[in-house]
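To keep things clear, I will list the structure first and then write my remarks on it.
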2 protein chains.
Amino acid sequence: MKKQEELFLEFLARKRLKNTSQRMIILKAFLRQNSHLSTEDFYLQLRKKHPGIGYATVHRTLKLFAECGIAAEHNFGDGQMRFEVCHDNEHHDHLVCTGCGRIIEFENQQIEQLQLDVARTHKFFIKSHRLELYGLCSDCVATEQQ
Amino acid sequence: MKKQEELFLEFLARKRLKNTSQRMIILKAFLRQNSHLSTEDFYLQLRKKHPGIGYATVHRTLKLFAECGIAAEHNFGDGQMRFEVCHDNEHHDHLVCTGCGRIIEFENQQIEQLQLDVARTHKFFIKSHRLELYGLCSDCVATEQQ
DNA sequence: TCGATATTGAAAACGGATTTCAAAATACAG
DNA sequence: CTGTATTTTGAAATCCGTTTTCAATATCGA
């Protein structure tokens, strides 16, 4: 059994929540995919194999994932919430292509450090942060120049 | 006449849009305030002095401000769009206090530079970016410890 | 001033997130 | 195993901020 499944089961137990077949199906499907899907997209994917599972359940379960730390919630400004699998404590930020919607992850330790410096000078306690660069990915830059 | 008013008038002329009393009232009120108000909050403020102006007009006008560059649109994840006055070409990012809602602006040239580096290594053309640090401001940290 | 065009405000529509509710499933004590 | 209290489910309804519609009104330029 994978670590994240364990985490979720522990979370359910701790909160006196029940381990249902729907939750396990959603968990497995969620861990299997590796992108930044909106609830809607994820639901549509899932429905192909499991037509019986309702949107509300998917939504509620994704929220649980976020709460227990195995999913990260993002809002890239398109009005839809997106979820991605959260691996360990690693943190990354995003390049969001406004042309094709592609999302590229990146990590930059220097930026993280500078953020801490900023927080310190403002006596601010950081709980989380969000850094997104919006623009065109290499493919879209090429396309646009034609 | 202030620079930003000129900019807006030029923008209206360029787009063959009309210079109405409502737009001027909204512009002046918007430039006068100096925070990060949601459309709703701004509308409620404005309504005290100008009860005749409708929400739709306020909303549409704020969008025009954003389009012509005198306002910046933000989404701090609370489900409401916020607008702030955009001064010249200066760019800044935000510390968002999740305790009291306070928003602190900061600028960090090193972070900006590192962002450009990241973009370059991914052959990505940046159009805009968003950096927000969420957490507790010094007041809220103090309060929480009591 | 006239006439074409844009704008206005109220209300309706929209869209995604969230909640409601009655039926079904689960956990767990006995 | 039960029985039962509690949670969960799916469909539909609701919420809530944003955006659009539309008929009346205002603006602009000839």
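Here is the naming used below: chain letters follow the sequence lines, and residue numbers restart at 1 for every chain. Being a predicted model, the structure only gives us computed values, none of them experimental.
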Nearest whole Å is fine: how far is [N] [atom2] from [X] [atom1]?
X       : N      : atom1 : atom2 : value
A:Arg16 : C:dA29 : CZ    : C1'   : 14 Å
A:Leu12 : C:dA25 : CG    : C1'   : 15 Å
A:His59 : D:dC15 : NE2   : P     : 16 Å
A:Ile25 : D:dG10 : CD1   : P     : 9 Å
B:Ile26 : C:dT8  : CD1   : P     : 7 Å
B:Asp78 : C:dA17 : CG    : P     : 15 Å
A:Lys18 : C:dA25 : NZ    : C1'   : 7 Å
B:Asp41 : D:dG17 : CG    : P     : 10 Å

When you measure from the side chain of B:Leu17, which nucleotide among D:dT27, C:dA6, C:dA27 comes out closest?
C:dA6
Is the shortest side-chain N/O distance from [X] to OP1 or OP2 of [N] below 4.0 Å?
X       : N      : result
A:Gln22 : D:dG10 : yes
B:Tyr55 : D:dT18 : yes
B:Ser38 : D:dG17 : no
A:Arg23 : D:dT9  : yes
A:Thr57 : D:dT8  : no

How are the rings of B:Tyr55 and B:His59 set relative to one another: parallel (under 30°), tilted (30 to 60°) or perpendicular (over 60°)?
parallel
Parallel under 30°, tilted from 30 to 60°, perpendicular over 60°: which one fits the rings of A:Phe106 and B:His122?
tilted
When rounded to the nearest 0.5 Å, the distance separating CG of A:Asn19 from CG of A:Leu27 is 9.5 Å
Side chain A:Lys63 and base C:dT18 donor-acceptor under 3.5 Å
no
D:dT21 base / B:Arg60 side chain donor-acceptor hit below 3.5 Å
yes
is_close_aromatic(B:Phe30, B:Phe65), centroid dist under 6.0 Å
yes
Closest to the 5' end of DNA chain D, once B:Gly79 and B:Ala56 are matched to their nearest nucleotides, is B:Gly79
Please confirm whether the backbone N or O of A:Cys86 pairs with a side-chain atom of A:Gln4, one donor and one acceptor, at under 3.5 Å?
yes
